[in-house]
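Computation of the quantities below employed the complete heavy-atom set of this structure, encompassing side-chain atoms and omitting hydrogens, waters and symmetry-equivalent molecules. Positions are given from 1 along the sequence. Here the structure is a predicted model, which is why all the values come from computation and not from measurement.
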Amino acid sequence: MKERAGVRLQLPQSQGLPAPLTPRPLLFPQDDIEAYKMQNKFLNSEIYQLTRLWRNSSEQEKSLMMKCAYLEAKNCQTESRYLGVLRDLQESKGLDGKQQEAVKRLIQEALQADMKDTLKLDPVREYDEYGFKMVPDFEVEDVKLLAKIQALEIRTHNLLRREAGDKALLGRWAQHLAGRPSGELTPSPELKGLLRAGVPQEYRREVWRWVTRARTRTIRDRHPSRYQELSRKAQACPHPASRQIQLDLHRTLTSNQRFASPSGPAVQQLHRILLAFSWQNPAVGYCQGLNRLAAIALLVLQNEEDAFWCLVAVVDTIMPQDYYSKTLTASQADQRVLKDFMAEKLPRLTAHFEELQVDVSLITFNWFMVVFVESLASNILLQVWDAFLYEGTKVLFRYALALFKYKEEDFLKIRDKVEMYQYLRFFTKTVSDSRKLMSIAFNDMNPFPMRQVQGRRALHLERLRAELRDLERIQREFVTESAERKDKDLDTAVSEDEDDP
């Protein structure tokens with residue numbers, strides 16, 4: 001046996017057939033091993049240095065991004081204050097014609113500036129995790145200045161959103177859910193407080209599934225395959241409402257990325273959910289607005305069967321009976337209840353609306369029907385739903401009142417009826433501080449006992465039903481009188497024909 005270059009070679013034993021070679025490990029000289037060790041050490045050091053440089057660069061980039069966000073937010077605040085001063089000057093009666101013209105020119109220049117001309121380093125995304133635009137587009141022609149001021153405020157708040165508060169809430173939720181089986185929660189004051197503060201995006205799907213299952217457990221236990229059965233029935237036997245459902249599909253959350261394409265998977269899932277629900281609740285079938293409720297459930301739960309049961313929970317267990325019926329009796333009653341609460345909680349604003357002869361129910365009716373969908377910024381909307389799914393309709397009254405309270409001073413400045421209605425149409429999208437709104441809803445609006453809501457709802461329902469009975473009686477009398485009048489007219493015409501030779 002010879003050794004060469006550190007490799008052992010096995011020589012044949014005879015001149016005949018060579019003996020089979022047995023694989024043996026390669027042996028490297030000590031110098032080569034030391035060389036590889038040195039090279040490996042050098043590479044490890046180089047990787048460490050590169051990693052440290054990358055981390056430093058990453059931290060520096062993060063710091064610059066935060067500084068950019070802060071500077072942009074300060075710029076938005078300055079621009080907002082500047083536009084506010086221009087608005088006050090525009091409404092001032094102490095300026096002469098030349099000064100008024102100068103203010104008007106400055107306002108036009110400010111409005112022509114494109115708010116989207118922001119730095120490329122802007123850390124604020126255009127769309128959130130659910131596909132909603134972070135800063136809404138305002139299209140109110142006659143109040144463009146006010147709309148831009150409000151949009152600047154939203155952008156400022158988004159840029160300066162305090163991560164510490166969000167992280168603290170995430171920690172509280174993580175601690176509350178720790179050690180619990182997936183999807184298992186227990187009603188408690190602590191859970192109620194957490195839901196009011198909002199569910200972090202990481203846990204929202206799990207929490208909504210639990211609330212939905214808790215509200216629909218009885219029917220789901222009796223019919224575990226209910227959704228599949230209803231889906232097959234909808235395919236075999238189209239519901240009379242299927243035509244209206246088809247029309248409303250393409251009007252659903254049109255500004256949301258997930259529903260932007262008419263042939264997208266989200267739209268097809270929504271179609272199946274609504275068709276199944278039309279057979280689940282034949283008394284309702286379909287009512288305009290249910291498409292928006294189902295769409296929100298689908299965006300969060302990411303499963304069409306879960307979204308179907310969420311829609312069932314809202315319509316059949318949370319909302320009062322006849323909320324989505326043809327007469328919408330319960331919906332109308334709630335608007336009267338809301339006016340009662342506004343007179344008590346916001347007397348100054350109520351008097352102002354009455355002075356301008358403004359009926360806020362023309363706006364708030366839709367808030368309640370679709371639970372604020374497409375009226376609020378997405379992060380606030382989902383926070384409202386977090387509490388609504390757990391506590392019920394009382395949350396709608398709390399937040400409706402809180403929205404008016406949040407912008408009360410702006411409302412009181414408006415002295416024109418037309419401008420007031422225009423502002424009512426879009427003002428909810430300018431509300432940006434979710435913590436402030438939540439505090440108003442659940443602190444400033446107290447006391448707010450559910451028995452008071454139920455008592456007033458029952459009172460107004462009875463009055464509405466009496467009014468409907470009176471209306472039906474008047475209609476029957478009118479129809480009878482019309483028929484008798486036609487008979488008399490016909491008798492007169494026939495008599496005249498007989499008298500005519």
Side-chain angles (χ1 to χ4, degrees), residues 212-213 215-220 222-254 259 262 265-301 303-335 361 365-375 385 388-389 392-393 396 457 461 464-465 468-469 471-472 475:
T212 297
R213 288 181 182 276
R215 288 192 174 276
T216 59
R217 182 172 287 113
T218 302
I219 186 172
R220 294 180 80 165
R222 290 202 307 263
H223 307 283
S225 302
R226 183 71 169 170
Y227 180 66
Q228 291 75 16
E229 294 167 0
L230 292 172
S231 295
R232 288 193 293 268
K233 183 174 183 179
Q235 290 179 348
C237 181
H239 192 276
S242 58
R243 174 61 179 165
Q244 187 60 52
I245 291 173
Q246 185 67 46
L247 290 173
D248 280 357
L249 278 179
H250 310 304
R251 303 170 185 165
T252 305
L253 305 187
T254 53
F259 292 92
V267 175
Q268 302 308 313
Q269 289 176 320
L270 179 63
H271 191 199
R272 291 191 290 270
I273 291 168
L274 295 174
L275 287 175
F277 182 81
S278 66
W279 286 112
Q280 161 66 22
N281 189 331
V284 173
Y286 177 74
C287 173
Q288 285 186 325
L290 297 186
N291 56 324
R292 293 177 174 85
L293 300 178
I296 291 297
L298 189 59
L299 286 173
V300 173
L301 295 167
N303 176 282
E304 63 180 89
E305 183 173 0
D306 288 338
F308 164 79
W309 285 113
C310 186
L311 181 62
V312 172
V314 172
V315 178
D316 292 351
T317 69
I318 298 178
M319 293 300 204
Q321 190 177 5
D322 287 338
Y323 220 84
Y324 298 98
S325 64
K326 292 181 180 179
T327 60
L328 301 174
T329 310
S331 303
Q332 295 181 62
D334 270 6
Q335 292 308 301
S361 67
F365 185 86
N366 187 61
W367 292 359
F368 280 58
M369 286 289 288
V370 299
V371 193
F372 295 102
V373 176
E374 293 190 307
S375 292
W385 272 66
F388 163 74
L389 290 174
T393 53
L396 302 182
R457 182 179 276 156
L461 272 172
L464 266 169
R465 286 166 180 157
L468 285 173
R469 287 193 295 269
L471 181 60
E472 290 172 356
Q475 289 175 335

Distance check, rounded to the nearest 0.5 Å: [X] atom [atom1] versus [Y] atom [atom2]?
{"X": "I245", "Y": "L290", "atom1": "CD1", "atom2": "CG", "answer": "8.5 Å"}
{"X": "S278", "Y": "K233", "atom1": "OG", "atom2": "NZ", "answer": "9.0 Å"}
{"X": "T216", "Y": "L311", "atom1": "OG1", "atom2": "CG", "answer": "11.5 Å"}
{"X": "M369", "Y": "L396", "atom1": "CE", "atom2": "CG", "answer": "12.0 Å"}
{"X": "F368", "Y": "S375", "atom1": "CZ", "atom2": "OG", "answer": "11.5 Å"}
{"X": "S331", "Y": "L464", "atom1": "OG", "atom2": "CG", "answer": "10.5 Å"}

Can you give me the closest heavy-atom contact between [X] and [Y], atom names plus distance?
{"X": "T327", "Y": "Q332", "answer": "O-NE2, 2.9 Å"}
{"X": "T212", "Y": "D306", "answer": "CG2-O, 4.3 Å"}
{"X": "L389", "Y": "C310", "answer": "CD2-SG, 4.3 Å"}
{"X": "A294", "Y": "L274", "answer": "CB-CD2, 4.1 Å"}
{"X": "L270", "Y": "N291", "answer": "CD1-O, 3.7 Å"}
{"X": "P262", "Y": "V267", "answer": "O-CG1, 3.4 Å"}

Kindly assign one of parallel, tilted or perpendicular to the pair [X] and [Y], based on the angle between their ring planes and the thresholds 30° and 60°.
{"X": "F372", "Y": "W367", "value": "tilted"}
{"X": "F308", "Y": "Y227", "value": "tilted"}
{"X": "W385", "Y": "F388", "value": "perpendicular"}

Practice task
Given side-chain contact (heavy atoms from CB on, under 4.5 Å), test Q280 with I219 step by step and report yes or no.
Solution key: CA-CA 11 Å; Q280 161 66 22; I219 186 172; 3.5 Å; yes
Practice task
Keeping the roles fixed (side chain from W309, backbone from R220), state whether a donor-acceptor pair exists under 3.5 Å.
Solution key: no
Handout entry: Any donor-acceptor N/O pair, H223 side chain to S225 backbone, under 3.5 Å
Key = no
Practice task
Applying side-chain contact (heavy atoms from CB on, under 4.5 Å), run through L275 and Y286 and close with a yes or a no.
Solution key: CA-CA 8 Å; L275 287 175; Y286 177 74; over 6 Å; no
Exercise for the section: Quick one: list whatever passes salt bridge (Lys or Arg N to Asp or Glu O under 4.0 Å) with R215, sequence neighbours left out. Expected result: none
Handout entry: Any side-chain heavy-atom pair of T393 and P320 under 4.5 Å
Key = yes
Problem - Side-chain heavy-atom pair T252, H271 within 4.5 angstrom cut-off - result: no
Problem - Within residues 311-324 or reaching into it, pairs that qualify as side-chain hydrogen bond (donor to acceptor under 3.5 Å, both in side chains) - sequence neighbours excluded - result: N281-D316, Y323-D334
Practice task
Please list, chain by chain and in numerical order, all residues satisfying ring-ring contact (aromatic ring centres under 6.0 Å, His included) with F259, sequence neighbours excluded.
Solution key: none
